[in-house]
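Worksheet: the structure to be examined is printed underneath.
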Amino acid sequence: MGKFFTLENNNCNLTVKNIHCLSLDLTLDCGQSFRWQKNAAGHWCAVVSGTKDGKRIFKFGELSQDSNTGYITFYNCSVDEFYKFWVPYFDLERNYDAILDTYKASGDKSLNAATDKYYGIRITNQDPWETLCSFIISQNNNIPRIKGIIERLCETYGERVRLVPVVDENGLKYDKEFFTFPSAEDIAKLSEDDLAPIRAGFRNKYIIDAAQKVASGEIDLEKLKKLPLAEAEAELLKITGVGPKVAQCALLYGCGQIDAFPVDTWVKKIMEELYPNGLPECTTGTRGIAQQYLFHWRRNI
DNA sequence: TTCCAGGACCGGG
DNA sequence: CCCGGTCATGGA
C-alpha cells in the first residue's frame, strides 16, 4: 500500500504526490466518463458511487492537479475516503509505467506515438451500473449529447447532492446542482414515457430493460468483475440494446476488466488501417489500455 | 436540407 | 452468416 504515491494531509484536503501516469485533464475528458465538470475554480467535480455493506454510497469529488508538480489535491477528503473511493477509481495500485514500457519494448510505432503524446490517461474503475447505462446511451450518439442526456437523467431521477459555482462556455458564472446517478432499482420502476424528458430517443427502452434485469438480479454486475471476459460479455448481451461494443465498455470502465476491447467506429478504423492482423502481442492482458490511447490518438488527428 | 454521432436490431438474401 | 435500412435527437 502506498507504494505508488505519498499522502500529505492539510486541513480537510489531501494532496497526493508522485502518482505516475495520471493526468486529470486527459483521463476525465477522454470519452470514458461523462459527468466530470470543472467548477469556477478550475477543479474537476463529480458525484461518484461506491458500495458499502451492499448499499450504495456516494462521494462528491473535487480534484485539482498542479501543472508543475503533477500533485493532485482531493478537497474535503479523508485518507479513509481516498482509499475507499479514489484508489480504486483511478486504479492507483496498477503499475502503468511498467505496462507502457512493455508496449515501448515491442517497437510498435502507432502504440508508441499514442502513449507518448497522451501519457497520463488511465482507465477508470467506475460504478458498474452507471457505466452500463451511460454506454447504452452512447450508442449512435455524440459525446456532447451523451453528456446532456445523462445530466438530465440525474437531474430528473437522481438525488441532489450539492450546489457548485461553475462557469459556462461564455464565461458566465452560475450555481449548478450536482446529483447522484439514479440506481437501477429506481429506473426499473419507470416507463418509457417517464424517460421522455431526458430525450434519449430509441434508447429509452434499452435503459429500462437494463435496469429491470439488473434490479431483479437476473444480471449481477458485481459478479461480472470476477467472470472470464467472454462469460461476462455473454451476460450483458442478454440486455436488449446491449451489443458487443457497449458490453466491452461496461466491462472495461465499470467492472475492472482491463483486457476488454471496445470496438467503435474509431477503433474499427484503427484496426483496418494499422492492425489488420490484430493488436500486437504486448497488449495481451491490457488491451483496454491500448484501446483508450489509440482511440484518443486517432480521434484527435 | 442533409449528414453524422464511442451501435444494435431487424429483415431479406 | 452477412448485408443495408432503420431507429430519436440535435448540432454542424
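Lettering of chains follows the sequences in order, A, B, ..., and the numbering in each one begins at 1. The structure displayed is predicted, hence computed values, not measured ones. Both backbone and side-chain heavy atoms feed into the values below; hydrogens, waters and symmetry mates do not.
The base of dG7(B) has none of its N or O atoms less than 3.5 Å from a complementary donor or acceptor on the side chain of Tyr206(A). A donor-acceptor contact under 3.5 Å is not formed by the side chain of Gln248(A) with the base of dG6(B). The base of dA8(C) is paired with the side chain of Asn140(A) by a donor and an acceptor separated by under 3.5 Å.
Asp209(A) places its CG atom 16 Å from the C1' atom of dG7(B), with the value rounded to the nearest Å. Whole-Å rounding puts the Trp297(A) CH2 to dG6(B) C1' distance at 18 Å. Here the P atom of nucleotide dG6(B) and the CG atom of Leu294(A) are 17 Å apart, to the nearest Å. Between the P atom of dC9(B) and the CD1 atom of Ile239(A) lies a distance of 10 Å, rounded to the nearest Å. If you measure from atom CG of Asn141(A) to atom C1' of dA5(B), you get 6 Å, rounded to the nearest angstrom. Protein atom CD1 of Ile136(A) is 17 Å distant from nucleotide atom P of dG6(B), rounded to whole Å. Atoms CZ (Arg299(A)) and P (dA5(B)) sit 10 Å apart, rounded to a whole Å. Across the protein-nucleic acid pair, Asp193(A) atom CG and dA8(C) atom C1' stand 14 Å apart, rounded to whole Å.
Asp101(A) has no carboxylate O lying under 4.0 Å from a charged side-chain N of Lys104(A), or vice versa, which leaves the two without a salt bridge. Contact check on Lys38(A) versus Asp25(A) returns a salt bridge, with a Lys/Arg side-chain nitrogen under 4.0 Å from an Asp/Glu carboxylate oxygen.
Look at the C1' atom in both dC2(C) and dG6(B): the space between them is 23 Å, to the nearest Å. Nucleotides dT1(B) and dG11(C) have their C1' atoms positioned 14 Å apart, rounded to a whole Å. dC9(B) and dG10(C): their P atoms are spaced 23 Å apart (whole Å).
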Give the intermediate values and the outcome of side chain to side chain contact (heavy atoms under 4.5 Å, CB included) for residues Val16(A) and Phe82(A). CA-CA 10 Å; Val16(A) 186; Phe82(A) 173 72; 3.7 Å; yes

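For Asn142(A), counting side-chain heavy atoms from C-beta on, the closest listed nucleotide (dT9(C), dG6(B), dG7(B)) is dG6(B). For Thr240(A), taking side-chain heavy atoms from C-beta onward, the closest of the listed nucleotides dG6(B), dA8(B), dC9(B) is dC9(B).
When each of Leu237(A) and Cys249(A) is assigned the nucleotide of DNA chain B bearing its nearest heavy atom, the one mapping closer to the 5' terminus is Cys249(A).
Among the atoms of the strands shown, none is found under 4.0 Å from any heavy atom of Pro144(A). Within the nucleic acid shown, Phe34(A) has no heavy atom closer than 4.0 Å to any nucleic acid atom. Residue Arg145(A) is in base contact, counting any heavy-atom pair closer than 4.0 Å across all strands shown. Nucleic acid contact class of Gly241(A) (heavy atoms, under 4.0 Å, all strands): sugar-phosphate only. Contacts of Gln292(A) with the nucleic acid, taken as non-hydrogen atoms under 4.0 Å apart, include base atoms.
dG6(B) has Phe295(A) stacked on its base ring, the centres lying under 5.5 angstrom apart and the planes within 30 degrees of parallel.
The shortest distance between side-chain heavy atoms of Trp86(A) and Ile72(A) does not fall below 4.5 Å. Side-chain contact between Ile123(A) and Tyr96(A): present, with at least one pair of heavy atoms (C-beta onward) separated by less than 4.5 Å.
Asn300(A) and His296(A) get closest at one heavy-atom pair: ND2-O, 2.7 Å.
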